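Okay, structure first, notes after.
All values reported here derive from a predicted model rather than from experimental measurement. Below, each value reflects all heavy atoms present in this structure, side chains not excepted, and no hydrogens, waters or symmetry copies.
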Number of protein chains: 2
Amino acid sequence: MKDEKPTSFDIAHLAGVSQPTVSRALRNSPLVSEETREKIQAIAKKLNYQVDINARNLRSKETRTLALLLCEDPGTDDSLINPFFLSMLGSITRASGKMGYDLLISFQQQSGDWNADYENAHRADGIIFLGYGDYITYMEKIAHLDRLGAHFITWGPVLAKQPGHFIGCDNLNSAYLSIKHLTDLDHKKIAFLGIASEHRPEFNQRYQGYVKALLEAGLIVNPKLQIDADTSEEMGYEATIELLKGKLQFDAIFGASDLIAIGAIKALQEHGKRVPEDVAVVGFDNIPTASYTNPPLTTVQQDTKLAGELLVENILKLIRGEDVSSILMPAKLIIRDSCGANLS
Amino acid sequence: MKDEKPTSFDIAHLAGVSQPTVSRALRNSPLVSEETREKIQAIAKKLNYQVDINARNLRSKETRTLALLLCEDPGTDDSLINPFFLSMLGSITRASGKMGYDLLISFQQQSGDWNADYENAHRADGIIFLGYGDYITYMEKIAHLDRLGAHFITWGPVLAKQPGHFIGCDNLNSAYLSIKHLTDLDHKKIAFLGIASEHRPEFNQRYQGYVKALLEAGLIVNPKLQIDADTSEEMGYEATIELLKGKLQFDAIFGASDLIAIGAIKALQEHGKRVPEDVAVVGFDNIPTASYTNPPLTTVQQDTKLAGELLVENILKLIRGEDVSSILMPAKLIIRDSCGANLS
DNA sequence: TTAACCAATGAATACGTATGTATTATGGGA
DNA sequence: TCCCATAATACATACGTATTCATTGGTTAA
């Protein structure tokens, strides 16, 4: 029907007032009389008027938009994302909506210039990093962002003396609890499937929890039982094959993520090992599929809903210039059948 | 270090040219000499200059942003979204990024004023609806959007004489294939779990495919074997309980979505029915979990990657004013163990 | 009665970019 | 030599809003 979007001038004209008065009236400024405000708001409603976001943002230098950046693994080209991230994504979307912020989502290569595209271009007031790729590389980028005064927060491992702000799972204690569960069930030769290098500190922290639990149970830590595997079913599968090919005995596997654990179960079963009778398995993340594996996977549940809310809450604090400190989130062990029953 | 974001005027000053020349140089306009352009671009790079998106959008009345709207079911308050939608979301994000568009994501109540917030406010050039809630209600909203000349496309059932533009799965034929698979395996009393009303046309289409396959196999269609269930494990579970409580015999269940089928399997097994020996089960969507249920679920795979790409491609066509027609996407039957082996 | 004051509104302007028009310089053809 | 076409650039302005400052009319206190 109407071709042209109405502007505040149109409304001003119709109401017989000036444009600034319209602007004020629509923002419920106390500077306009109640009578005028009501008249203006009625006209605005009738015309289906909406403030032009771009004009407003240009003028007020604020976007009320957050950017969510997922670092894309160059390897995986198809659209299968880590289900744990998807769950986080859902909770972040809701949380930012609740706070009146729009959410801009983007997949980025780690090689890209992250800041350029978002805050610097006034596209968003702040950035939430969900998957950041390689940690060492990320740190270099962070340093740059920080120098530019960008507002950003990261879902990732909380370390000492870290630049930027992080919210992450208490990997060490969560992994510790998992392993303790295994040792309590009398498992003695527990393999760790996951990258333990500095490039993946969250896995590294889980490895530390693993070591702590073993030592506490009086068991020997055998580094040969640690096999590198990144978060995917394939990597978990292959790592398990490698383990099976080796000469070392093992009676349990800690998969540093559910996908790894799922791949492990598959490999074990294909090679005639029963889970949990021959080999117990635990995972990490509690992705939806974890309760449907056969047997159902004992794993560590991360509270993605709370995590999303905290990420949003804290990035908003940063935007407002308030102080923020990194947050370590406790996780919970979900016990299912993949570890076997307590034999004691 | 620097407090103020540099503007095109700053660059112009440094380069000894005017601001419009900077604008043109950065957009590679043929109106500026190569020499000038290179000088300007070098300065821009050094200053880490980025065009202010808001100013550009205000001026050019274009946002290069798409909005993705998920209609939020008022019932489910937590952040567990339908995994099928999450998969679509991932593919849409990638596709729009590939086309140079930003993606704005929002969960909406069906009661909200969808258009107001996005295109009308110049926040996005077009809208992709992923979950639209109740179809009848949605149609009313669509009519309004259409009248306003909004650009939008919907992932949903393709029907005759539909306003707006839809891209959706070929529900009828896909369900037909599933049921035919069951009848080929000699199942005769097949239940349909899913809402078959006009409020959920995609389920309705699946029901039509179900009917078609039964008739073709010379079987009787018993409406009592259709039980309402919306897409969730709980609803599938409850519908199956209802089925079990009834006096009707059945030897197979078609779950109108994987989540329904998963709930059905759970209910069946809890009540001492073996799957697939006593009751075969098929699902729809091929969510990641489908291959991990016990037994693994035979289901219909939707090509979410292609769907996401088509949605983005076509909304861009609409934005450019090109013609677009609705698209019906073929799906593929994924045969797993939940239907049993061919007995013939 | 008058000065000071407050409430309500209008006028002017800035935000940073993109584009239509005007201007300058340069070169070629007659 | 002069004119015109063309290339390159500058000038002026529009986009729609929000804010600062100025103005108006009416009210209160001295």
Side-chain angles (χ1 to χ4, degrees), chain A residues 2-41 43-44 47-65 116 118-125, chain B residues 2-41 43-44 47-65 116 118-125:
Chain A
K2 263 183 273 59
D3 331 58
E4 290 304 320
K5 207 167 87 71
T7 72
S8 52
F9 280 99
D10 297 330
I11 295 180
H13 187 73
L14 287 173
V17 297
S18 67
Q19 177 269 329
T21 303
V22 172
S23 172
R24 284 190 264 258
L26 294 177
R27 313 202 93 212
N28 290 320
S29 158
L31 291 175
V32 296
S33 69
E34 195 170 335
E35 185 193 10
T36 311
R37 180 187 334 168
E38 279 171 7
K39 182 167 62 173
I40 289 174
Q41 293 191 343
I43 294 175
L47 291 193
N48 198 26
Y49 169 82
Q50 285 296 122
V51 172
D52 186 298
I53 295 290
N54 294 313
R56 166 180 291 185
N57 290 348
L58 173 58
R59 177 62 228 231
S60 60
K61 302 199 160 215
E62 199 194 23
T63 67
R64 292 195 77 78
T65 298
Y118 290 91
E119 203 181 349
N120 196 10
H122 275 299
R123 230 182 278 248
D125 296 336
Chain B
K2 263 182 272 61
D3 332 58
E4 290 304 319
K5 208 167 85 72
T7 72
S8 52
F9 280 99
D10 297 331
I11 295 180
H13 187 74
L14 286 173
V17 297
S18 68
Q19 177 270 327
T21 301
V22 172
S23 172
R24 284 191 259 261
L26 294 176
R27 312 202 93 215
N28 291 320
S29 159
L31 290 176
V32 296
S33 69
E34 195 170 334
E35 185 193 9
T36 311
R37 180 188 331 165
E38 280 171 6
K39 181 166 62 175
I40 290 174
Q41 292 191 342
I43 295 175
L47 291 192
N48 198 25
Y49 169 82
Q50 284 297 120
V51 172
D52 186 296
I53 295 291
N54 294 313
R56 166 181 292 185
N57 290 348
L58 173 59
R59 175 63 226 228
S60 60
K61 304 202 157 211
E62 198 195 24
T63 68
R64 293 196 76 79
T65 297
Y118 289 90
E119 202 181 351
N120 196 13
H122 276 298
R123 230 181 278 249
D125 296 337

Within the structure provided, determine whether [X] and [Y] are in side-chain contact (heavy-atom separation under 4.5 Å).
X	Y	result
A/Ile53	A/Arg64	no
B/Asn28	B/Arg37	yes
B/Glu62	B/Asp125	yes

Discussion item. Does B/Val17 reach a base, just sugar-phosphate, or nothing at all? Heavy atoms under 4.0 Å.
Written reply: sugar-phosphate
Discussion item. Just to be sure I understand the rule, does B/Arg24 reach a base, reach only the sugar-phosphate, or reach nothing, if contact means heavy atoms closer than 4.0 Å?
Written reply: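 Base contact - B/Arg24 has a heavy atom under 4.0 Å of at least one base atom.
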Worksheet item: Roughly how far apart are A/Glu38 CD and A/Ile43 CD1, rounded to 0.5 Å?
Response: 12.5 Å
Practice prompt. Working to the nearest 0.5 Å, report the span between CZ of A/Arg27 and CZ of A/Arg56.
Written response: 4.0 Å
Fill in: Contact list for DNA chain C against residues 29-39 of chain A - heavy-atom distance below 4.0 Å
A/Leu31, A/Val32, A/Ser33, A/Thr36
Contacts under 3.5 Å, N or O only, protein and nucleotides 14-16 of chain C:
from: C/dA14; atom 1: N3; to: A/Arg59; atom 2: NH1; distance (Å): 3.1
from: C/dG16; atom 1: OP1; to: A/Lys61; atom 2: NZ; distance (Å): 2.9

Worksheet item: OP1, OP2 of D/dT9 versus side-chain N and O of B/Thr21: anything below 4.0 Å?
Response: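 Checking D/dT9 against B/Thr21, no side-chain N or O comes under 4.0 Å of OP1 or OP2.
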Worksheet entry | hbond_proxy B/Gln19 side chain to C/dA18 base (donor-acceptor, 3.5 Å cutoff) | yes
Practice prompt. Under the side-chain contact (heavy atoms from CB on, under 4.5 Å) rule, what do A/Ile40 and A/Val32 come out as? Steps first, then yes or no, please.
Written response: CA-CA 10 Å; A/Ile40 289 174; A/Val32 296; 5.9 Å; no
Worksheet item: Which residues pass the side-chain contact (heavy atoms from CB on, under 4.5 Å) test with B/Asp10, sequence neighbours left out?
Response: B/Pro6, B/Thr7
Worksheet item: Are the side chain of A/Lys39 and the backbone N or O of A/Gly16 linked by a donor-acceptor pair below 3.5 Å?
Response: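 No, the answer is negative, given that no donor and acceptor are paired below the 3.5 Å cut-off.
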Worksheet item: Could you state the CZ-P distance from B/Arg27 to D/dA8, rounded to the nearest angstrom?
Response: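 Whole-Å distance recorded here is 20 Å.
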